[in-house]
Amino acid sequence: MHIFVDADACPVKDEIYRVAERYSLTVVLVANCWMRVPHNTFIHLEVVSDGFDAADDWIVEQAGRDDIIITADIPLAGRCIKKGARVLGPGGKPFTEDNIGSALATRELLSGLRDLGEIGGGPPPFSKRDRSLFLQQLDQMINAILKKQR
């Protein structure tokens, strides 16, 4: 089991490191440019080209059944779910086969409304509650996978 992180704008990297260390899991951060990561044998940085969706494509190619993907990118989440990976948003929302279709539809609707100027702005600010929910969901996801593997 690996944790792959769509790292360019991920606000919960430190939380991922702590949980991964507790469970002795490998973390692979995937980004379009170099970034500082802790010097630890279980944390790796994969720098991909800055081409459109290069990081997403790399993650999808590497992801396997029961790997965990951390991303806010809904299309990437959908691609990873199709490969059998587990996907968790940085705000603690798990993406599943049951909810990915509606998440993609909502994303398209909101994108269209933004293009028309009907709505503006982005997501709400990231909160302590989001971090707490993320940690709880990541822990539950890891334990579910470990239980299934036994």
Could you go through the side-chain contact (heavy atoms from CB on, under 4.5 Å) check for Glu97 and Ile81 one step at a time? CA-CA 7 Å; Glu97 289 181 358; Ile81 288 169; 3.5 Å; yes

Could you go step by step and tell me if Phe95 and Ile69 meet the side-chain contact (heavy atoms from CB on, under 4.5 Å) rule? CA-CA 10 Å; Phe95 292 104; Ile69 315 304; over 6 Å; no

Nearest heavy-atom approach of Ala77 to Val87 is CB-CG1, 3.6 Å

Do the side chains of Val37 and Lys13 get nearer than 4.5 Å, heavy atoms only? no

Minimum heavy-atom distance Phe42-Leu25, with the two atoms named: CD1-O, 3.3 Å

Can Leu138 and Glu15 be said to form a side-chain contact (heavy atoms from CB on, under 4.5 Å), step by step? CA-CA 9 Å; Leu138 181 58; Glu15 289 80 0; over 6 Å; no

Least distance between heavy atoms, Cys80 atom then Val60 atom: SG-CG2, 4.1 Å

Under 3.5 Å, is there a donor-acceptor pair between the side chain of Asn143 and the main chain of Asp139? yes

Do Phe4 and Thr71 have side chains that get closer than 4.5 Å, going by heavy atoms? no

Are Glu21 and Val27 close enough that some pair of their side-chain heavy atoms sits under 4.5 Å apart? no

Taking all non-hydrogen atoms of both residues into account, name the closest pair between Asp67 and Gln62 and its distance. OD2-O, 4.0 Å

Nearest heavy atoms of Pro90 and Pro11, plus distance in Å: CB-CD, 3.7 Å

Closest approach of Cys10 and Ile70, non-hydrogen atoms and distance? SG-CG2, 4.2 Å

Pair Arg79 + Asp56: basic N to acidic O under 4.0 Å: no

From Tyr17 atom OH to Leu29 atom CG, the distance as rounded to the nearest 0.5 Å: 4.5 Å

Would you say Val28 ends up clustered with Ile68 if hydrophobic residues are merged whenever their side chains have heavy atoms under 4.5 Å apart, either directly or through other cluster members? no

If hydrophobic clusters are built by linking Ile, Leu, Val, Met, Phe, Trp and Tyr wherever their side-chain heavy atoms come under 4.5 Å apart, do Ile59 and Val48 end up in the same one? yes

